[in-house]
Asks: 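Please find one structure pasted underneath; my questions will follow.
So that the names make sense, note that chain A is the first sequence line, chain B the second, and so on, each numbered from 1. Below, each value reflects all heavy atoms present in this structure, side chains not excepted, and no hydrogens, waters or symmetry copies. Keep in mind it's a predicted model, so treat the numbers as computed, not measured.
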Amino acid sequence: MLLPYFEWCENSALGATIRDSLWLFPVIESFHLVAMAVLGGTVLLVDMRLLGLGLSRRSVATLARDVQPFFVAAVAVMLVSGLLLFSSEAVKCYYSAAFWVKMTFLAAAITFTYSARRRLVGADGECRDSLYGRFVGLTSLLLWFGVGAGGRWIGFS
Amino acid sequence: MRIVATAILLGVMLTLSVRPVAAHHAFAAEFDAKRPVKLEGTVTRVQWINPHAWIHIDVKQANGSVVAWMIECGTPNVLIRRGINKDSLKPGTRILVDGFQAKDGSNKANGRDVTLPDGKNFFLGSSGTGAPAR
Amino acid sequence: MLAFCRWLEATPWSIALHESLWAYAIIESAHVLSLCVFVGIAVLWDFRLLRLTLRDVPVSEFLARLMPWMVAGFVVMVVTGALLFFGIPVRSYQSVFFRAKVVMLILAGVNAWVFHATVGRRVVEWDSAPILPRAARVAGVVSLCLWAAVIFSGRMIAYNWFDCDTPQSDLVRTLAGCTDDLRE
């Protein structure tokens, strides 16, 4: 169903340029990884706080607000670099189970971050150490972990 | 609710996954889809290693000289799932390899499939970018 | 050193690792994903030194609360990284990118040591200061650059443009320590 779209991506000028270059793919990949580290750091800091770890003396809302710009920037870099990488090998991705696992986790992680998690960390109330807070922190961590692991596995299986 | 939906979607996606492909790194950074090669030669050595297995073959040219080629394959895991193991390609075996040559023009190729003397054909698991699906 | 790497590569455990079906892939994934823990927090730490984020959190509190996590992440990275090297010693040793990465890692270590040995020792004096000491800011910037460079060179190790098994320029052959004896 989606295959024609994937083929179109792969045959686009963008995809072809990246594919024909020796250096572009690895360099974009490195940017993708650097952004992953930043994204991971911002997610960890807040989720760890929700679990009562790390900077547990600070309010969740303050931490979340402080790291938000870096989270957004990291997601932006990841999406752009990810799309570039994808366009150069879209058809391979179509046939890769790991790619679909990653996309599913990504959709779930972003939806979760901007719905339940945002409602929780945005309210500067006392979600400190509540069971629900821990649940949200853990779920967020697991979803993002799924994205990362799925991404790494595109290269393997 | 959302989690249930995610789980279902995940299940569907996993079932949909058709044919596994493999590449540790991008095919296109090293190999050229516009340079398909067909190599008939004798196995000299197999490096059964992660993240890529390598088959070394000696290819006899029309003028009688012998050129050594290195064929990049998928991971050992991928090859075993396709039916090739460490002992399938003993030194001396004559094989036919379909693949794509390295961009730098050296005698390295990304293997797409291999045909053994008994006619059996195996996918080598390096269908990265540009290496079209069969 | 090359002889040592060749000996290492022939040990049963190294063979088991580079011929493994799952171990290698799992170790590599752990290595990459623990980037989030170690480099992720280190980047926030550097941003804190530049006062780009978490300004209300005193530097000493950040360090006290998050250092254990950074150390844990770092240990995972080093252990998995060592295992990856152990699985493929010769090629890694003769990889210009691997060599560059090791140099960057050493520099990052020196930078961290200099920070903690000098300006970091007096952290109580500038814990919540509106302007952090120049030395602290410099350490932050240097650390950011070095870790980014480590990630770049680490990623490039997978690519074999400069491997010794193909003809290379004299410069690359020197940098990679290629030898003429093709033992294998």
Side-chain angles (χ1 to χ4, degrees), chain A residues 22-49 51-59 61-71 73-74 77-78 81 85 98 141 144-157, chain C residues 21-22 24-48 50-58 61-70 72-73 77 97 101 144-162:
Chain A
L22 216 54
W23 291 93
L24 270 178
F25 193 97
V27 169
I28 299 170
E29 224 176 2
S30 302
F31 276 105
H32 200 64
L33 274 178
V34 172
M36 180 193 82
V38 178
L39 173 78
T42 59
V43 168
L44 262 176
L45 198 77
V46 178
D47 286 343
M48 276 168 47
R49 169 65 191 82
L51 292 166
L53 305 168
L55 296 174
S56 48
R57 288 183 211 153
R58 304 286 142 185
S59 91
T62 316
L63 290 185
R65 197 189 54 228
D66 273 8
V67 300
Q68 180 69 6
F70 300 103
F71 170 79
V77 172
M78 295 215 83
S81 55
L85 296 175
L141 279 181
W144 285 111
F145 175 78
V147 179
R152 174 59 273 197
W153 225 264
I154 295 175
F156 287 135
S157 55
Chain C
L21 294 187
W22 296 105
Y24 188 86
I26 290 170
I27 293 168
E28 190 165 44
S29 302
H31 188 66
V32 173
L33 291 177
S34 51
L35 260 184
C36 291
V37 183
F38 174 64
V39 181
I41 299 178
V43 164
L44 287 174
W45 161 249
D46 295 333
F47 284 167
R48 173 63 187 88
L50 298 169
R51 278 179 57 82
L52 292 173
T53 189
L54 303 165
R55 287 177 209 179
D56 305 333
V57 182
E61 182 185 333
F62 189 113
L63 213 52
R65 305 295 301 185
L66 290 172
M67 195 49 126
W69 294 94
M70 283 172 67
M77 298 218 82
F97 295 117
K101 181 174 175 176
L144 282 175
C145 296
L146 285 174
W147 288 114
V150 167
I151 294 179
F152 266 73
S153 46
R155 176 63 271 197
M156 299 294 169
I157 296 174
Y159 294 90
N160 62 12
W161 308 304
F162 298 132

Asks: Please identify, among C/Met67, C/Arg65, C/Met156, the residue contributing the most non-hydrogen atom pairs under 4.5 Å to chain A.
Replies: C/Arg65
Asks: Could you go through the side chain to side chain contact (heavy atoms under 4.5 Å, CB included) check for A/Arg58 and C/Leu54 one step at a time?
Replies: CA-CA 10 Å; A/Arg58 304 286 142 185; C/Leu54 303 165; over 6 Å; no
Asks: Looking at A/Phe71, I'd like to know if its CZ atom is crowded, meaning that more than 12 non-hydrogen atoms belonging to other residues, nucleotides or ligands lie closer than 6.0 Å.
Replies: yes
Asks: Contact part of C/Trp161 toward chain A, heavy-atom cut-off under 4.5 Å: side chain, backbone, both or neither?
Replies: side chain
Asks: Ignoring hydrogens and angles, tell me if any N or O in the side chain of C/Ser29 forms a donor-acceptor pair with the backbone of A/Ala149 under 3.5 Å.
Replies: no
Asks: Between chain C and each of A/Val27, A/Leu55, A/Leu63, A/Val38, count heavy-atom pairs under 4.5 Å; write down the option with the most.
Replies: A/Leu55
Asks: Restricting to non-hydrogen atoms, name the atom on C/Arg155 and the atom on A/Pro26 that form the minimum distance, rounded to 0.1 Å.
Replies: CG-O, 4.2 Å
Asks: Can you tell which part of A/Val43 gets under 4.5 Å to a heavy atom of chain C, answering side chain, backbone, both or neither?
Replies: neither
Asks: Tell me, with the steps shown, if C/Trp69 and A/Leu44 meet side chain to side chain contact (heavy atoms under 4.5 Å, CB included).
Replies: CA-CA 10 Å; C/Trp69 294 94; A/Leu44 262 176; over 6 Å; no
Asks: Measuring only between side-chain heavy atoms, which start at C-beta, is C/Leu33 closer than 4.5 Å to A/Arg152?
Replies: no
Asks: How many angstroms lie between CG in C/Asp56 and CZ in A/Arg65, if you round to the nearest 0.5 Å?
Replies: 7.0 Å
Asks: Side-chain contact, heavy-atom cut-off 4.5 Å: A/Phe70 with C/Leu52?
Replies: yes
Asks: Heavy-atom pairs under 4.5 Å with chain A: which of C/Thr53, C/Val32, C/Val43 has the most?
Replies: C/Thr53
Asks: For chain A, find which of C/Val39, C/Leu44, C/Val37 contributes the most heavy-atom pairs closer than 4.5 angstrom.
Replies: C/Leu44
Asks: Apply side chain to side chain contact (heavy atoms under 4.5 Å, CB included) to the pair A/Leu33 and C/Phe152, showing each step before the final yes or no.
Replies: CA-CA 8 Å; A/Leu33 274 178; C/Phe152 266 73; over 6 Å; no
Asks: If you look at every heavy atom in C/Ile151 and A/Val34, which pair is closest and at what distance?
Replies: CG2-CG2, 3.8 Å
Asks: Side chain, backbone, both or neither: which part of C/Phe38 has a heavy atom under 4.5 Å from chain A?
Replies: neither
Asks: Using every non-hydrogen atom in the two residues, find where A/Ala37 and C/Leu35 come nearest and quote the distance to one decimal.
Replies: CB-O, 4.1 Å
Asks: Determine whether C/Leu66 and A/Leu45 satisfy the following criterion, side chain to side chain contact (heavy atoms under 4.5 Å, CB included), listing intermediate values before the conclusion.
Replies: CA-CA 9 Å; C/Leu66 290 172; A/Leu45 198 77; 3.4 Å; yes
Asks: Please look at C/Leu63 and chain A and tell me whether the side chain, the backbone, both or neither of the residue comes under 4.5 angstrom of a heavy atom of that chain.
Replies: neither
